[in-house]
Amino acid sequence: MLSLIQRSSSRVCTSRVASRSRHRRSISSAAVFNQSESNPEVFIWGRGDRGALGLGPDVIVQPTPARLSLPESGAVQLATGMNHAFVVVERQPAQALGQAQAQAVFAFGLNDDGQLGLGDTTSRFTPQRVNSAALDGRRLVRLAAGGHHTLLATTAADGSTEPRVLAFGRNEHGQLGLGEPFRDQPAVSSPTEIRSLRGERVAALACSEDGSVVATERGVVAFGRGLCPDRADDALNEPRPVPGPVGRVTSLAAGWGHVVALTADGLVWSWGSNVHGQCGHGDKERYSSPRQLRLQADVQVAAIAAGSCHTLLLTRNHQVYFCGSGHDGKGCVDERLDFPQPRRLSFFDDKRVVQIASGSDHLAVLTDDGSLYMWGYGQHATLGFPELKTLSTPRAVPSPERGRRFSVAACSMDTTIAVLA
């Protein structure tokens, strides 16, 4: 229930959509893999009711990392929406024998619109396996979760059929991309194919509160509301090509109303809402077509992340850049400043950063020694420390188990989820 995570209006970014609500929202989901560890464990912390923590009905606030109980183990993929999350476990050959899926998909959290894909609208307080005929014999290759909806990109496990994109959850603004047959259907609780994308090989997915964006081999498409740059105020119930010379996109991130796209050659493009400079072009004008974000000469980007009204970049030489709303310490300064031009976060200059992640107003950086640094809004326990306070200086989260290190992390609106190697 959003009333449990209400904040004063001064904490909300002032984008076009955010002005309608006192609640902070995003979210581009983060979907990340831990492929190399033989026995990884998943930990979670933060604040969330209706099961957003996955720790049972009695746990609404968890300040420090707590183990998430999963019935299966293996390499893990994580994806987080606003108040719901997924953990995908790669089954070992012995586990997969006789199973319809080589992966086990677990979901938990808010499910008022069927965003967990379980065929109903009952929230889950602990992880529950997603059993859907739409996933039988298929391999999940991409996963994105938004405000109240979810997208999956799948291929046939044996390569016998075409790639498919599945969607479920809230469809009020067409964010499931299912077209005319579902125009008047406000929600879909089971994975359903976006037929207009059948056969398209998906390179990246991202979701916001009311919108979706997908990168295929043929280009980028957007649907729902807020993410198609030239139709931002319209509800689009079918994928629409994003105009502009973006190039071959390998990664996408979405905030409240802005999109960031990373291409194979390390270039970054952005568009959409830019009230706080989150598009990174040095101004605060809205962008109705993709524009290349300029860093220093010869600097190439390796990874991108987006929060409600900010963007985080990781370069190929392991430097971290930030642009957008620096409120709540997100810009690594105490002042309530906006940063329309990407600024290097010098705190990480002497560290080898390998992964970045962002929630609505908190951020995470993982270094090659397994240290997980967090900063930003911390009063809802999002940062992993006993003291519930905002931090403008990144701080390493203590490992919950001595001798083990973090290997991957993802952030939602008010939670952080991480894998311990």
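By convention here, the first residue in the shown sequence is residue 1.
For the pair Phe108 and Val87, the minimum side-chain heavy-atom distance is below 4.5 Å. Proximity of Leu420 to Glu401: side-chain heavy atoms (C-beta onward) are separated by under 4.5 Å at one or more points. For the pair Asn83 and Ser412, the minimum side-chain heavy-atom distance is 4.5 Å or more. Leu205 has its side chain out of reach of Leu252: every pair of non-hydrogen atoms, C-beta onward, lies at least 4.5 Å apart.
Using a distance-only test at 3.5 Å, with no hydrogens or angles considered, a donor-acceptor pair links the side chain of Thr80 to the main chain of Cys411. Put simply, the side chain of Arg248 never gets that close to the backbone of Gly219: no donor and acceptor are under 3.5 Å apart. Thr382 contributes a side-chain N or O that, together with a main-chain N or O of Tyr377, makes up a donor-acceptor pair within less than 3.5 Å. Here the side chain of Ser308 pairs a donor or acceptor atom with the backbone of Ser360 at under 3.5 angstrom. When atom types are taken as modelled, the side chain of Asn171 and the backbone of Leu176 share a donor-acceptor pair closer than 3.5 angstrom. At least one donor-acceptor pair closer than 3.5 Å links the side chain of Gln278 to the backbone N or O of His276. In this structure, the side chain of Ser189 does not engage the main chain of Ala187 through any donor-acceptor pair within 3.5 Å. Listed for the Ser212 side chain is a donor-acceptor partner under 3.5 Å among the backbone atoms of Gln175. Between the side chain of Gln355 and the backbone N or O of Ala409, at least one donor-acceptor pair lies under 3.5 Å. Remark: side-chain polar atoms of Gln103 are paired, donor with acceptor, to backbone N or O of Leu140 under 3.5 angstrom.
Using a 3.5 Å distance cut-off with no hydrogens or angles, the side chains of His149 and Asp113 do not pair a donor with an acceptor. Residues Ser270 and His281 have side chains that bring a donor and an acceptor to within less than 3.5 angstrom of each other. A donor-acceptor pair shorter than 3.5 Å can be found between the side chains of Ser392 and Asp334.
Around atom CD of Gln296, no more than 12 heavy atoms belonging to other residues, nucleotides or ligands sit under 6.0 Å away. The local environment of CG in Asp184 is sparse, with at most 12 non-hydrogen atoms from other residues, nucleotides or ligands closer than 6.0 Å. Crowding of Arg404 atom CZ: a count of heavy atoms from other residues, nucleotides or ligands under 6.0 Å exceeding 12.
For Thr367, the side-chain hydrogen bond (donor to acceptor under 3.5 Å, both in side chains) test picks out Asp369, with sequence neighbours left out. Residues forming a ring-ring contact (aromatic ring centres under 6.0 Å, His included) with His84 (at least two apart in sequence, or on another chain): Phe86. With sequence neighbours excluded, the residues that form a salt bridge (Lys or Arg N to Asp or Glu O under 4.0 Å) with Arg344 are Asp349.
Among all heavy-atom pairs drawn from Ser399 and Phe406, the shortest one is CA-CE1, 4.1 Å. In plain terms, the two heavy atoms of Gly255 and Ala306 that are nearest each other are N-CB, 3.9 Å. For the pair Leu53 and Leu68, the tightest heavy-atom approach, listed with the atom from each and the gap, is O-CD1, 3.7 Å. Minimum interatomic distance between Val419 and Val76 (heavy atoms only, all atoms of both residues): CG2-CG1, 4.1 Å. Contact detail for Pro239 and Ile194: the closest heavy-atom pair is CG-CG2, 4.2 Å.
Ionic pairing of Glu209 and Arg225 is not present here: no N-O contact between side-chain nitrogen and carboxylate oxygen is shorter than 4.0 angstrom. A salt bridge links Arg395 with Glu387; the closest basic N to acidic carboxylate O contact falls under 4.0 Å. A salt bridge is defined here as a Lys NZ or Arg NE, NH1 or NH2 lying under 4.0 Å from an Asp or Glu carboxylate O, and Arg201 with Glu162 fails to meet this definition.
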Test side-chain contact (heavy atoms from CB on, under 4.5 Å) applied to Phe322 and Thr311, step by step: CA-CA 6 Å; Phe322 174 93; Thr311 299; over 6 Å; no
From CA spacing to verdict: side-chain contact (heavy atoms from CB on, under 4.5 Å), Val221, Leu197: CA-CA 10 Å; Val221 297; Leu197 294 179; 4.3 Å; yes
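Atom-to-atom distance recorded for Ile356:CD1 and Tyr321:OH is 12.5 Å, nearest 0.5 angstrom.
Thr154 pairs with exactly one of Arg164, Arg139, Arg138, Arg142 by the side chain to side chain donor-acceptor pair (under 3.5 Å) rule, that one being Arg138.
Between Phe385 and Trp375, the ring center distance fails the sub-6.0 Å criterion.
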